[in-house]
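Counting begins at 1 with the first residue of the sequence.
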Amino acid sequence: MTDVAARFAELGLTLPAPAAPVAAYVPTVEHGGLLHISGQLPFLDDGSFITGRLGADVDLAGGQHAAKRCGVMLIAQIGAALGGDFSRVERIVKLGVFVNSTLDFTDQPQVANGASELMEAVFGASGKHARSAVGVAVLPRGAAVEIDAIVAVRPA
């Protein structure tokens with residue numbers, strides 16, 4: 001497994017502190033060798049996040065960037081859940097990608113590539129995963145994208 005911090009630096013990214021829950025849930029649950037990660041929003045380095053609707057006021061490139069930023073937060077949550085021991089990550093199993101989009105926007109899979117490509121860039125072959133990418137009418141706080149994940153992990 002490559003060093004995640006080093007991969008982030010090579011990609012020009014900074015691993016942020018994980019976002020705190022905003023309602024009655026926990027950010028991660030580890031059970032049976034799987035780490036389930038609650039939906040993450042596209043936070044930027046300054047603490048703001050990307051809002052808007054694909055097909056209206058956010059273009060495809062903006063949606064891909066939003067998905068990538070969700071991926072960054074997913075990785076931050078993985079790090080927090082595993083006490084910073086990314087060597088426990090066996091595989092990114094699945095991403096669930098929710099795209100705030102108009103009824104006629106149909107490029108949800110291309111938007112989701114922003115996160116999928118990040119997972120492979122950071123985790124190599126272990127970052128290749130199954131995925132769902134769906135359009136939704138609205139997301140929390142008006143976010144452009146929200147992504148949850150399932151990650152296979154080795155025992156501590």
Handout entry: Val122 vs Glu10 side-chain heavy atoms within contact, under 4.5 Å
Key =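 A side-chain contact is absent here, since even the closest heavy-atom pair is not under 4.5 Å.
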
Practice task
For the residue pair His129 and Glu120, establish whether any side-chain heavy-atom pair is separated by less than 4.5 Å.
Solution key: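 In short, these two side chains do not touch, never coming nearer than 4.5 Å.
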
Are [X] and [Y] connected, step by step, through hydrophobic side chains (Ile, Leu, Val, Met, Phe, Trp, Tyr) whose heavy atoms are closer than 4.5 Å?
X	Y	value
Val97	Phe105	yes
Phe49	Val99	no
Leu41	Leu44	no
Leu60	Leu118	yes
Val4	Val151	yes

Restricting to non-hydrogen atoms, name the atom on [X] and the atom on [Y] that form the minimum distance, rounded to 0.1 Å.
X	Y	result
Ala112	Ala133	CB-CB, 3.9 Å
Met73	Phe43	CE-CB, 3.9 Å
Ala76	Pro16	CB-O, 3.4 Å
Tyr25	Ser38	CD1-OG, 3.6 Å
Thr14	Phe8	C-CD2, 3.8 Å
Ala81	Leu35	CB-CD1, 3.8 Å

Quick check for you: to the nearest 0.5 Å, what is the distance between [X] atom [atom1] and [Y] atom [atom2]?
X	Y	atom1	atom2	answer
Leu54	Gln108	CG	CD	7.5 Å
Ile75	Ile37	CD1	CD1	9.0 Å
Ser116	Ile147	OG	CD1	7.5 Å
Met119	Ile92	CE	CD1	5.5 Å
Leu15	Arg7	CG	CZ	13.5 Å
Asn100	Leu139	CG	CG	5.0 Å

Test item: [X] side-chain N/O and [Y] main-chain N/O as donor-acceptor pair under 3.5 Å:
X	Y	result
Arg131	Pro109	yes
Arg53	Val58	no
Asp3	Ala6	yes
Gln64	Asn113	no

Problem - side chain to side chain contact (heavy atoms under 4.5 Å, CB included) evaluation trace for Lys94 with Ser132 - result: CA-CA 8 Å; Lys94 186 171 185 195; Ser132 299; 3.3 Å; yes

Exercise for the section: Go through the steps to decide whether His36 and Ile150 satisfy the test side chain to side chain contact (heavy atoms under 4.5 Å, CB included), and finish with yes or no. Expected result: CA-CA 5 Å; His36 297 263; Ile150 301 171; 3.7 Å; yes

Problem - Passing option when Lys68 is tested against Leu13, Val145, Val111 for side-chain contact (heavy atoms from CB on, under 4.5 Å) - result: Leu13

